[in-house]
Amino acid sequence: MKKVERINTIMRYINNRSYFTISEIMQEFNISRSTAIRDIREIESMGMPLESEVGRDGGYAVMNNSVLPSIHFTDSEVKALFIAFMASRNQQLPYLKSRQSLAEKLLGLIPDYQQESLVLLNQILLFEGTNPSNPDLLDLTDLPHPMLEKLIQLLLMDNHLLLTIKEEKSIKAYPIFLLHLYREKSIWQIEGFDLKEEKKRVFPVDHLTNVEPYHTNKRVTKKKVLEKLSKQKEVINLIIELGPNAVAQFKKYHPFKFSISYTNPYQATAILKAFINVTMPEELTDMINWLLFLGEDIKFKEVPDEVLTGIEERLRVISRGR
């Protein structure tokens, strides 16, 4: 019997008794004393109210009127939970081990007939990043950066953080006020306000070597940070009109910070206004690729020369290849 199944069975066993001993658990489930004690402790940590009695013949009593209620899932709820876990595979989400153990516990709570339908769903449904030959196989890239969970734990306590970032030829420390943690193009990004230079910065979590709370007497609020950023608003240098085909492409994928304004009631046409930092080669290349991805159904109203030149060069290469 698997551990999750055993613990669920022990919980049901306890649920039907007002008092039990470790010896009874050992005999009933054919497990060692140390395993029985570990299982009881895990059951307590899950919220079951048990009261231990000290002594040679001591055991555990279930506190009156405090027994955990049984949990029942409808077929639709079971499928919704399972599909949500399937869709999260190979997405580099934090707490990977916890997600896996949670899925096992949920499966242990449902009857066999519901589990059979989930096996069928697992064989039929495929999501991005799923191996079609073996849906249960997790890609190695599903493991998030080891600093990601630590970063989340710290930012829940305080937005003032000291990031140590590995750059091309050096390692630098940046005191920031964290604004957002987001995932774009399979990469987790930290968006923060640099407390020394007082400007917005974005760091890939993959470049993070250490993170710790930033202890400073000059603390700032998010409201103050946003006020300072509003005074540094980037000048718009890209304005394009999108036709129906380009709108459809935009909905498939667009940069995290970009949004469009629809220009007709049917949301078939739209306009996009944004800032492109042409001094950043990587950002410039990404933008050229994305604009080509939008297709021919766009009209430039304003565009940096560097972007236009890059698009023209790319199109010439494509035409020569034909």
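- Residues L294 and I240 form a side-chain contact, since some pair of their non-hydrogen atoms from C-beta on lies under 4.5 Å apart.
- When side chains are defined from C-beta on, T269 does not count as touching E241, because their heavy atoms never get closer than 4.5 Å.
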Problem set entry | Trace of the side-chain contact (heavy atoms from CB on, under 4.5 Å) decision for F85 with L118 | CA-CA 11 Å; F85 279 111; L118 300 187; over 6 Å; no
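- T309 places no side-chain N or O within donor-acceptor distance of the main-chain N or O of E306, the cut-off being under 3.5 Å.
- Residues passing the side chain to side chain contact (heavy atoms under 4.5 Å, CB included) test with A61, sequence neighbours excluded: Y19, E53.
- At distances below 3.5 Å, not a single donor-acceptor pair connects side-chain atoms of D39 with backbone N or O atoms of I7.
- Residue pairs meeting the ring-ring contact (aromatic ring centres under 6.0 Å, His included) criterion with at least one partner in residues 187-240, sequence neighbours excluded, are Y174-F203.
- Hydrophobic clustering, defined by side-chain heavy atoms of Ile, Leu, Val, Met, Phe, Trp and Tyr closer than 4.5 Å, groups L120 together with I124.
- Not counting sequence neighbours, the partners of Y182 by the side chain to side chain contact (heavy atoms under 4.5 Å, CB included) test are H180, E184, Q189, E191, V202, F256, K257.
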For this session: Could you walk me through whether S32 and S34 pass the side-chain hydrogen bond (donor to acceptor under 3.5 Å, both in side chains) test, one step at a time?
Result: CA-CA 6 Å; S32 67; S34 59; 3.2 Å; yes
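- Judged by distance alone, with hydrogens and angles left aside, the side-chain atoms of Q232 form a donor-acceptor pair with the main-chain N or O of E198 at under 3.5 Å.
- Contact of the I14 side chain with the Y60 side chain is not registered, since no non-hydrogen atoms from C-beta on lie closer than 4.5 Å.
- The side chain to side chain contact (heavy atoms under 4.5 Å, CB included) check on N210 picks up M147, K150, T164, E212, with sequence neighbours excluded.
- F177 meets the ring pair (Phe, Tyr, Trp, His ring centres under 6.0 Å) test with H160; sequence neighbours excluded.
- Ring centroid separation for the pair F29 and Y13 comes in under the 6.0 Å cut-off.
- Annotation: the span from E313 atom CD to L308 atom CG amounts to 10.5 Å, rounded to 0.5 Å.
- Of the possible polar contacts, one joining the D297 side chain to the N245 backbone as a donor-acceptor pair under 3.5 Å is found.
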